[in-house]
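All remarks here apply to the structure that follows.
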Amino acid sequence: MADWDGRFLGLAAHIAAWSKDPSTQVGCVIVGPDREVRSTGFNGLPRGIADTEARLNNRERKYPLICHAEENAIMHAARIGISLKGCTVYVTWPPCTRCSRSLIQAGVSAVVFPASANVPERWTDDFALASEMLSEASVALRSA
């Protein structure tokens, strides 16, 4: 499976580059049990909301507006009627608590992130709690 992990993490990294966020770019690929891509997402503002410099360069304005990559992938799948139950999520960062809640509720079975992910210290506690949530909900979390 490691070869496929690398391929899907590479695709998530490619998709992350589509984000217009000047400080953080995250990509997500959600894959079904037969290794078929079910959905993708990157962090960005919702559809129809302008990606202005004033919004993207001001964290106080950006954070309430931004959709995380995992959220975008989940919402895109919902928009087109695709089930994510039993899927594996490949994301360029470990998921935060906000995204972990959504991933659990969407029914995913595993989350994979790069072993080389460099998480800023300000997110360390949130990622630790997210990891606990995923474990308790029986969602596998692993690095590759």
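Predicted model, so just to flag it, every value in this text is computed and none were measured.
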Q: Tell me, with the steps shown, if T88 and V112 meet side chain to side chain contact (heavy atoms under 4.5 Å, CB included).
A: CA-CA 7 Å; T88 299; V112 182; 3.9 Å; yes

Q.
With side-chain hydrogen bond (donor to acceptor under 3.5 Å, both in side chains) as the criterion, how do S23 and D21 come out once you've worked through the C-alpha distance, each side chain's angles and the decisive distance to 0.1 Å?
A. CA-CA 6 Å; S23 64; D21 189 323; 3.0 Å; yes

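Summarising the local packing, CD of E53 is surrounded by 12 or fewer heavy atoms from other residues, nucleotides or ligands at distances under 6.0 Å. Within 6.0 Å of CZ in R79 there are 12 or fewer heavy atoms belonging to other residues, nucleotides or ligands.
A salt bridge links R7 with D3: at least one charged nitrogen is closer than 4.0 Å to a carboxylate oxygen. Of the charged side-chain nitrogens involved, none lies within less than 4.0 Å of a carboxylate oxygen, so that K62 and E60 do not count as a salt-bridged pair.
The hydrophobic cluster containing I74 does not contain L11, counting ILVMFWY residues as joined when their side-chain heavy atoms lie under 4.5 angstrom apart, directly or transitively.
Looking only at side-chain heavy atoms (C-beta outward), I49 and R55 come within less than 4.5 Å of each other. Contact of the R35 side chain with the F8 side chain is registered, since non-hydrogen atoms from C-beta on lie closer than 4.5 Å. Between E71 and H76 the shortest side-chain heavy-atom distance does not fall below 4.5 Å.
When each of V139, L141, L134 is paired with S100, the side chain to side chain contact (heavy atoms under 4.5 Å, CB included) condition holds for L134 and for no other. Screening T40, D5, I30 for a side chain to side chain contact (heavy atoms under 4.5 Å, CB included) with Y90, the sole residue that qualifies is D5.
In this structure, R38 contributes its side chain and A77 its backbone to no donor-acceptor pair below 3.5 Å.
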